> 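Just dropping this structure here.
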2 protein chains.
Amino acid sequence: MPVTIKVNEETFTPRQQAVLTAALDLLVENGDGLTMTAVARRASCSKETLYKWFGDRDGLLTATVQWQAAKVRMPVVDRSHLNAKALRLSIEQFARDLLTVITGEVSITLNRTAVTHAAQEKDSLGIIVLENGPLAIRRRLKPILEAGRDARLLRFDSSEDAYRTFFGLVVRDVQIRLLLGDKALTQSNVEANIEADVKAATDQFFALYGAKANP
Amino acid sequence: MPVTIKVNEETFTPRQQAVLTAALDLLVENGDGLTMTAVARRASCSKETLYKWFGDRDGLLTATVQWQAAKVRMPVVDRSHLNAKALRLSIEQFARDLLTVITGEVSITLNRTAVTHAAQEKDSLGIIVLENGPLAIRRRLKPILEAGRDARLLRFDSSEDAYRTFFGLVVRDVQIRLLLGDKALTQSNVEANIEADVKAATDQFFALYGAKANP
DNA sequence: CCGCAGGCGTACCGTACGGTACGGTTCCAG
DNA sequence: CTGGAACCGTACCGTACGGTACGCCTGCGG
């Protein structure tokens, strides 16, 4: 059984990327019903090629998730002159990005796929999703938070705790409800409220961690 | 194809409950690999009986989730004399219950199963899990919050928003990381920190919604 | 004692799908 | 022009699993 998982290798030929796009499309529209035959037909390639390129079904799945997750790129925040207003805008931007990503159809599909995968003692997809989702935001947000603390604009002991509180304030129960297919949370319904939610979460975050807040 | 989904009928004979217990055990230990043959063997019953009782595989799955989810019962909080201390203890208790439930192995399994199910345009399991998980807590917490507001101990416009903020402060990124199989979050690791997390979340909740907090 | 309903165990069927093999085509190097 | 590498399309294989059929046993009402 050829494994050849190219986890840390995101270089795919255009043809391979076309295959991955087809796989992702099938994943999004058809739910979990991703079959090798379907991918081959959709991408107009042979199954043999799929197996040559990706090893097995898991390899194809991993490559798809890896490749797509890596495409999520958050805007870099200017950290040079960090007054109160700029900090607040940065935080708001992170909240907006986070909400936009997790409510997107692709993100929901990828998270569902990874959760399903994790239910079978396979945690590779979960790690990839975590790494490119929450943890990516954390890596980018933490320096901002610490810069804010250095500038006496924020107050906290652990930037890790501050980040996780931020995550909770922003995401709340939206992600789990979307993953569970809650019909009351249509995507348009959520998107319409993103701005209000962003503002509310940012207000609450500053209420808890702003310099003027109680220690 | 006999359907006979007994969604609002949680009366199962002891023999049927033994079957459901076997199904749940298999689900927990074997992940997604729940096969009718395995359940029949584990429960020492025939597949034909399974199909007679539960219709099909989905029916068995639904009955299992429904039956188990309904077993989660949260303690009722005394609402009669609601001073500040009692309110705080109640809130803490809800936070503790919520964290304890969602970090439990059974809850993780059920949520994973429901998410997997939702990836196939089947939202019945998701609804059941939602209904008996977050929404059950919401139903019980909201009256407490509103009583707290009536007693001038809390301040908020929408009890819905207050509840969802509470959920976010308590759950943060723990649930999604557990569902994705994050190895850094072993169950024991989380359980050891539950008390500290409960206190922190409650503190933050009161900082945001306590009567003395900024409007 | 008889008959039958309920249920166990097992054999069986059909199908879907992962994975492989193979012939045919295109394209490029020499 | 020729050999070969890459790849497409498709046929094929093996297996796992959902669902059904059937034979047998047990308990119980009459």
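Values in this document were obtained by computation on a predicted structure and should not be read as measured data. Throughout, protein chains are lettered first and strands after them, A, B, ... in sequence-line order, and every chain is numbered starting at 1.
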> Where the side chain of B/R57 is concerned, which of C/dG19, D/dG19, D/dC8 is the nearest nucleotide?
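Nucleotide nearest to B/R57's side chain: D/dG19.
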> Report the residue (A/E48 or A/T35) whose heavy-atom-nearest nucleotide on DNA chain C is the more 5′ of the two.
A/T35
> Kindly point out which of C/dG18, D/dC8, C/dG7 is positioned nearest to the side chain of B/T49?
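So the side chain of B/T49 is nearest to C/dG7.
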> For B/L50 and D/dA21, what is the distance between atoms CG and P respectively, to the nearest whole Å?
16 Å
> For the pair made of CG in B/N30 and P in D/dA16, what is the distance, rounded to whole Å?
14 Å
> Take the angle between the ring planes of B/F166 and B/F205 and call it parallel below 30°, perpendicular above 60°, tilted in between.
perpendicular
> Nearest whole angstrom, please: distance from the P of D/dC17 to the CG of B/D56.
17 Å
> Is there a side-chain contact between A/T37 and A/K47 in this structure, where contact means two heavy atoms from C-beta onward sitting under 4.5 Å apart?
yes
> Please report the distance, rounded to the nearest Å, between CG in B/L26 and P in D/dC17.
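Atom CG in B/L26 sits about 12 Å away from atom P in D/dC17.
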> Provide, to the nearest angstrom, the distance between the OH atom belonging to A/Y51 and the P atom belonging to D/dC8.
15 Å
> Counting side-chain heavy atoms from CB outward, which of C/dG18, C/dG9, D/dC8 is closest to A/M36?
C/dG18
> Any side-chain heavy atom of B/L98 within less than 4.5 Å of one from B/F94?
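The answer is no; the side chains never approach within 4.5 Å.
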> Under 4.0 Å between a side-chain N or O of A/W53 and OP1 or OP2 of D/dC7?
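Result: yes.
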> To the nearest Å, give me how far apart NZ (B/K52) and P (C/dG7) are.
6 Å
> Got B/F156 and B/T165 here, is their nearest side-chain heavy-atom distance under 4.5 Å?
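The answer is no, as the side chains (C-beta and beyond) never meet within the 4.5 Å cut-off.
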> Which is true for A/R15 with a 4.0 Å heavy-atom rule: it touches a base, it touches only sugar-phosphate, or it touches nothing?
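A/R15: backbone/sugar contact only, no base atoms under 4.0 Å.
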> Using a heavy-atom cut-off of under 4.0 Å over every strand shown, decide if B/L34 touches base, sugar-phosphate, or nothing.
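Sugar-phosphate contact only.
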> For residues B/R164 and B/R138, determine if any side-chain heavy atom of one lies less than 4.5 Å from a side-chain heavy atom of the other.
no
> Specify the separation, in whole Å, of atom CZ of A/R41 and atom C1' of D/dC7.
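Distance, rounded to whole Å: 18 Å.
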> For A/S46 and for B/D58, find the nucleotide of DNA chain D with the closest heavy atom, then tell me which residue's nucleotide is more 5'.
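The residue closer to the strand's 5' end, by nearest nucleotide, is A/S46.
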